[in-house]
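We count residues from 1, following the sequence as given.
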Amino acid sequence: MSIIRGFVKGGSWLTLASVASKLVSVLTIPLLARALGPEALGIYSIIFVLTQSAQSFSSVGADVAMQRDGARYELLGATKVGNIFGVGLSLICLASVIVAMLIACYRSFLAQHWLGQPSVVPWLGLAAIVIGLQPFGAVPLTFLSSLKDFRAYAIRSTLGHVVTNLLTVILGYGFGLYGALLGLVFSAMMQIFWSFLIVRPVLSAKGIVLRLDNYVREAKSILKLGLPYYFGHTLLGSVAGLPLMGLVSQYGGLQDLGYLRISESLAALLGFIPTAIAPATITYLSSSMAQSTEAYQSFKSMHLRGLWITLLLPTILVSLSASPLIYFLYGEAYESANLLSSIYVWMFLASTITSCLIQYLVVIGKTFRVGIASTLGVATWIITAFYLIPMPSMGAKGYLISQFIGQIVGLVLVWQPAVRDLHVYDKKRLKIVSVMTISICTLSLGIAYQGFDSILQQISASLAGCIFCLVLFFQITYATERNKLKSIILNLAKSPAL
């Protein structure tokens, strides 16, 4: 199977899983928002973000090493990969338990001095329980993606998202905020059960047994690769994001956190394909690099341009249609999230492109460069946030604008080393899409700020965005690429199973 065909096949499974998960979110998050209201949703959002940030914080870079080395299973052998998986899992679980214990012990301090909201103390206790449980259900997903078993990955991730969303909404309607947060605890338990059932047969079929042989030496090897990436790309973002959300709570109130949650969920609607295929990217980049330099460069160029144009169209449409979408999905109470959502979707695009570039650098081992670029980007975010958030009528807007600026700084710093090895004609096409993206971003944010006078203007602007993306697609892709992609999709569609 060719690299591109394998990537499209794996991406198809992941995309189907992501579509199912996003559809569930589309149905459940608006229900939860209407059931809780802006302030209670703000509390739910900060707890949810805390658990997600703690999961990233506790990864200690081990997930990157497992992803890269698991993709080289044929070369390294089952024993070596089993040892990497076992040691990596133990490192992440240990870090998660430590984080959970710290949050449980200092929850009163965090509620008072971080959020300025003493009422959230009991909810932080529930967050600690979720954080302690998460890695046992989440880390096995890395095993599946690195071993290219995207079918099993898609089934497991879909079950996890569906169960989490359904439990949260059902319990939220029955017991309010307490029920919604209790749903997170129950879903974390259930995901451990699903992971055991689905991942264990995959590992057994390949003869992989989790080991802890030569623990200290293996741990050092994992951390040597993963820590530079983790420090800049993961740790600093988690450390910076949570205090800044606390600042938003103090200056804008808990309702601003609710508006941020709405903006995030709306942005997630457009990112289902890039987010879905992310687990396959490092795996197939590593495989292509092992095959030949030419194959690696070709796949990287195709991946970056294809992902960029795929995400650009929905970004434009959601940015221009944020107001009616929010009113329809979440209700009039969340009207203040309109401009926030437009900013968020463009920041999401910048973040996705940056993540792609970082993945390219990780594959060739330049994690130190990733750490430096990410550190400077996060530092820019923090400095601008402390200036913007306290300004009158800013709050959540200041948070997002400063984060957007930080993303742009990080993108600029990783751009040159990530695309340096591409052919000149590929670089020209990337320059075209970059200039056009900046132009349309500026225009659409200006329109979102001013608003539309009529629905006809909104429809006309959306149609113009569709035409723009279609023309740009033919400008930045090659005829051979379009024909090859069409052939692959047709062949996969005729297959009895993906």
Side-chain angles (χ1 to χ4, degrees), residues 32 36 39-63 88-139 160 164 167-168 171-172 175-192 195 227 230-231 233-250 252-254 256-258 260-261 264 378 381-382 385 399 403:
L32 186 65
L36 299 182
E39 185 170 328
L41 183 64
I43 297 175
Y44 172 83
S45 299
I46 196 66
I47 298 302
F48 181 81
V49 170
L50 178 60
T51 59
Q52 296 301 302
S53 297
Q55 182 175 339
S56 300
F57 180 86
S58 303
S59 67
V60 297
D63 54 338
L89 175 62
S90 69
L91 289 172
I92 295 174
C93 290
L94 178 61
S96 296
V97 171
I98 293 173
V99 171
M101 291 176 64
L102 289 173
I103 290 175
C105 292
Y106 293 98
R107 59 187 184 277
S108 296
F109 176 84
L110 291 172
Q112 181 67 43
H113 299 283
W114 170 39
L115 295 172
Q117 306 286 344
S119 61
V120 304
V121 171
W123 314 130
L124 291 174
L126 287 177
I129 297 174
V130 176
I131 291 167
L133 294 173
Q134 278 179 155
F136 298 96
V139 174
T164 298
L167 278 177
T168 300
L171 294 177
F175 303 97
L177 179 60
Y178 176 74
L181 295 176
L182 201 61
L184 294 179
V185 177
F186 289 153
S187 65
M189 295 178 179
M190 295 186 69
Q191 289 187 48
I192 297 174
S195 290
L227 272 181
Y230 164 78
F231 179 77
H233 186 63
T234 304
L235 177 62
L236 290 181
S238 300
V239 170
L242 290 173
L244 292 179
M245 290 191 76
L247 199 63
V248 171
S249 174
Q250 294 179 30
L254 288 171
D256 265 22
L257 297 178
L260 284 175
R261 176 61 175 159
E264 179 187 359
V378 171
W381 175 21
I382 294 173
Y399 176 88
Q403 190 177 11

Pair T168-L32, side chain to side chain contact (heavy atoms under 4.5 Å, CB included): steps then yes or no: CA-CA 8 Å; T168 300; L32 186 65; 3.8 Å; yes
Chi angles and distances behind the side chain to side chain contact (heavy atoms under 4.5 Å, CB included) call for L244, W381: CA-CA 10 Å; L244 292 179; W381 175 21; 3.5 Å; yes
Which residues share a ring-ring contact (aromatic ring centres under 6.0 Å, His included) with F109, sequence neighbours left out: H113
Close side-chain approach of M190 to L167, heavy-atom, < 4.5 Å: yes
Side chain to side chain contact (heavy atoms under 4.5 Å, CB included) partners of A95, counting only residues at least two apart: S58, V60
Nearest atoms (heavy-atom pairs only) where V99 meets A54: CG1-CB, 4.0 Å
List, one per line, each side-chain donor-acceptor pair under 3.5 Å for residues 179-188, sequence neighbours excluded.
from	atom 1	to	atom 2	distance (Å)
S187	OG	T164	OG1	3.4
S187	OG	G183	O	3.1
S187	OG	L184	O	2.9

Residue list, side chain to side chain contact (heavy atoms under 4.5 Å, CB included) with L102, at least two apart or on another chain: I98, Y106
Atom pairs and distances, side-chain donor-acceptor, residues 123-136, under 3.5 Å, sequence neighbours left out:
from	atom 1	to	atom 2	distance (Å)
Q134	NE2	T51	O	3.1

Any L110 side-chain heavy atom under 4.5 Å of L50 side chain: no
Set of residues satisfying side chain to side chain contact (heavy atoms under 4.5 Å, CB included) with respect to V121, sequence neighbours excluded: R107, S108, A111
